[in-house]
Visitor: 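To start, I am sharing the structure in question, which I have written as C-alpha cells.
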2 protein chains.
Amino acid sequence: MPRPSQRDRILDAYTELVVTSGPETVTLEAVATAAGVSKGGLLYHFGSREALLEGLLERARGLNDDDLAAARAAPEGVAAYYLRTSVDEPVAGSPVYRATVALIKLATTEPRAAEATRRCLAGWRAALTEELGDPLSADLVAAVGDGIYLRAIVGDSSEGLGAAIDEVIRRTSPR
Amino acid sequence: MPRPSQRDRILDAYTELVVTSGPETVTLEAVATAAGVSKGGLLYHFGSREALLEGLLERARGLNDDDLAAARAAPEGVAAYYLRTSVDEPVAGSPVYRATVALIKLATTEPRAAEATRRCLAGWRAALTEELGDPLSADLVAAVGDGIYLRAIVGDSSEGLGAAIDEVIRRTSPR
DNA sequence: GTCTATACGCGGATAGAC
DNA sequence: GTCTATCCGCGTATAGAC
C-alpha cells in the first residue's frame, strides 16, 4: 500500500456523505462526484461498494487506535480527554470524530461496522478502567461519552455536560 | 382512525425489520411478507414508503409519551425507571423499546426520525430534571441512559451498569 | 380490501476507449 | 488511471382484476 492519495480523498468524501446523509442513501455516484472522480474512477480504486466500506472501517479503526493512544498520553487523563472530545468535536470535526460517527451510523445497517464500533468502545472502556481503577466509574464515564455520541448522531448537543466535565468525573468516582 | 388492526400488524413488521436489519435495507416487499400481506396490500394501507415511515414515527411518539407517563407514576422514580428499562428491555423487547430503537436507527438517515428522537430524549430530560432538581444530575442520568441505547444499537450490552442502578443514581447526584 | 402484473427509474458493476 | 457507455437487477409505485 504505497501512498494512494486518491484513495484517501475518496474515503474522505464517503465518510463525509455518510455523516451528513446517512448510510445507504449514499450512492457510488455521489461519492465519486464529491471526490472529484467518475463512478468508473472510483471503482478502479475500490472494486465494489463492499470494498469501499471495508476501506472506511479499516481507516476508522486506525484513527481510533491513534486517538486512544493520544488520550493515554494526555496530561488531563483519559476520562477528561474522552468526555471533552466527545462534546467538542461535533463542532471541530476532526478526522477521527467524523470517522467514528460514520462508523456508528453504518453500524445501524452493516454488521461489520457494528463490530468495529464495539471494538472501539471496548478500547475506551479498557483505557478508562486502567486509569480510574474502579470498573463502575469507568463504565459510567464511558456510558456518558457514548450518550453524547448518540445525541450528536440525532442532532442534539451536550453543552451542559461539556461545561462541567471535571464535576462529571468527580461525581462518577466512588464516594 | 377506527381500529385498523392490519395497519398495526404492518407497522409491527416494519419496526421489527428496521431493528434487526437496519433502515433502507428494508423493502416494502419484505415488510409485506413479514406482515402476511402482499406488496399491493401494504400499499393500500400506506400509500408510499414515506407514509409507512410517518406511521412508525407517529406510533413511536405515542408509545414514548405513554412510557414517560408510566415513569412519572412509577414508585421507583423516573431516574431508576429510565435506567432500568434501558438496560433490561434489549432482552425483554417491549413495544416502546422496539419502536425507540427503530426510531434511532432511522434517525441516521431520515431527518424526521431524528427530530422525533430529539423530542423523545428531551421529554426524558425534562422529566428527570423535574424529579432530580439539579439540572446536571438530570443530564447525567439522561446521558447514561442514552449511552446504553447506543450500545444496544451496536450490539453491546450494559449489564455492569444494570447491576448497579441505585449506585449510579447516588453518584450522579450532587455531593 | 387484497392480489397480480407491469411500468419505470436508479444504483451497482463491467467492458473497453483514451 | 480515469473516463464513457452499457447491462442488469431490484425496489417503488400504478393499474386493474377479483
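In the text below, chain A, chain B and the rest are named by the order of the sequence lines, each starting its count at 1.
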Visitor: Find the distance between CG (A:L136) and OG1 (A:T172) and round it off to the nearest 0.5 Å.
Guide: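 These two atoms lie 9.0 Å from each other.
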Visitor: Shoot me the first and last contacting nucleotide of DNA chain C against chain A, ordered 5' to 3', at under 4.0 angstrom to non-hydrogen atoms.
Guide: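 First-to-last contact on DNA chain C, by the 4.0 Å heavy-atom rule, is C:dG11 to C:dT14.
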Visitor: Any donor-acceptor pair under 3.5 Å linking the side chain of B:R61 with the backbone of B:A116?
Guide: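 Pair absent, no side-chain N/O of B:R61 close to backbone of B:A116.
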Visitor: Please produce a list of atom pairs where a protein N or O lies less than 3.5 Å from an N or O of nucleotides 12-14 of chain D.
Guide:
residue, atom, partner, partner atom, Å
D:dT12, OP1, B:R49, NH1, 2.5
D:dT12, OP2, B:L28, N, 2.9
D:dA13, OP2, B:R49, N, 2.9

Visitor: Is the CD atom of A:E115 crowded by more than 12 outside heavy atoms at less than 6.0 Å?
Guide: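 Open.
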Visitor: Is it the case that more than 12 heavy atoms not belonging to B:R72 sit under 6.0 Å from its CZ atom?
Guide: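 Atom CZ in B:R72 is crowded, with more than 12 foreign heavy atoms closer than 6.0 Å.
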Visitor: Would you say the side chains of B:S173 and A:R171 form a donor-acceptor pair under 3.5 Å?
Guide: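 A:R171 and B:S173 do not have a side-chain donor-acceptor pair below 3.5 Å.
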Visitor: According to side-chain contact (heavy atoms from CB on, under 4.5 Å), who are the partners of B:V154, at least two apart in sequence or on a separate chain?
Guide: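 Scan of B:V154 (side-chain contact (heavy atoms from CB on, under 4.5 Å), adjacent residues dropped) gives A:A107, A:T117, A:R118, A:L121, B:D156.
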Visitor: So how far is it from A:E76 CD to A:R84 CZ, rounded to the nearest 0.5 Å?
Guide: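 If we round to the nearest 0.5 Å, A:E76:CD and A:R84:CZ are 4.0 Å apart.
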